[in-house]
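Read the structure below first, then the notes.
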Amino acid sequence: AEALLRIDPSQAAALKLLTDALGDPAQLPTTLKILGGLGKAAKGAIPPMEPILAYADPAVHYAAADAILKIERPHAASVATLVKLVEAGE
């Protein structure tokens, strides 16, 4: 899916495969990294990533904030998540 989106960002089916993978905790860190690496081509994945900003594991919600900010800047909820992590010393 990642390669297909890099070649043709309009491939909605490939983006759907990646956003579906967000529901699998085992795939979550890798999927977030891939989506962030796609940049603007992954803009449609932002809404399904936003709930992950409140995930119980700080490393995961950091990864979600980082990925979202690589796709779209500014993104207020992602910045707020990063600020909370810094303030909590995480």
Side-chain angles (χ1 to χ4, degrees):
E2 177 185 8
L4 185 55
L5 282 168
R6 289 194 185 280
I7 294 167
D8 182 2
S10 69
Q11 292 294 320
L15 188 58
K16 181 163 179 7
L17 285 172
L18 290 168
T19 56
D20 287 350
L22 291 171
D24 180 350
Q27 295 183 38
L28 198 50
T30 301
T31 303
L32 290 167
K33 185 175 181 175
I34 290 169
L35 288 167
L38 290 169
K40 294 186 187 305
K43 188 170 177 110
I46 290 177
M49 284 194 291
E50 288 174 331
I52 300 167
L53 294 171
Y55 202 79
D57 180 349
V60 173
H61 59 251
Y62 170 82
D66 182 57
I68 292 171
L69 288 169
K70 288 178 178 175
I71 297 166
E72 177 179 82
R73 286 185 188 220
H75 188 269
S78 293
V79 172
T81 296
L82 294 174
V83 168
K84 285 180 191 174
L85 287 169
V86 169
E87 289 174 346
E90 308 240 9

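Bear in mind that the values here come from a model prediction, so they are computed numbers and not experimental data.
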According to side-chain contact (heavy atoms from CB on, under 4.5 Å), who are the partners of Ala80, at least two apart in sequence or on a separate chain?
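Scan of Ala80 (side-chain contact (heavy atoms from CB on, under 4.5 Å), adjacent residues dropped) gives none.
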If you take all heavy atoms of [X] and [Y], which pair is closest and at what distance?
{"X": "Leu15", "Y": "Ala42", "result": "CD1-CA, 4.1 Å"}
{"X": "Ser78", "Y": "Ala65", "result": "O-CB, 3.7 Å"}
{"X": "Val60", "Y": "Leu32", "result": "O-CD1, 3.9 Å"}

Side-chain donor-acceptor pairs of residues 45-59 under 3.5 Å, sequence neighbours excluded:
| from | atom 1 | to | atom 2 | distance (Å) |
| --- | --- | --- | --- | --- |
| Glu50 | OE2 | His75 | NE2 | 2.8 |
| Asp57 | OD1 | Ala59 | N | 2.9 |

Listed once per pair and sorted, the salt bridge (Lys or Arg N to Asp or Glu O under 4.0 Å) pairs that draw on residues 78-87, sequence neighbours left out
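Of all non-adjacent pairs touching residues 78-87, none passes salt bridge (Lys or Arg N to Asp or Glu O under 4.0 Å).
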Scan for salt bridge (Lys or Arg N to Asp or Glu O under 4.0 Å) pairs involving residues 59-68, sequence neighbours excluded, and state none if there are none.
Asp66-Lys70
Quick test of your reading: applying side-chain hydrogen bond (donor to acceptor under 3.5 Å, both in side chains), list the pairs with at least one residue in residues 21-31, sequence neighbours left out, ordered by first then second residue.
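Found Asp24-Gln27.
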Test side-chain contact (heavy atoms from CB on, under 4.5 Å) on Thr81 and Ile68 and set out the steps.
CA-CA 11 Å; Thr81 296; Ile68 292 171; over 6 Å; no
Who passes salt bridge (charged side-chain N to carboxylate O under 4.0 Å, His left out) against Lys33, sequence neighbours left out?
none
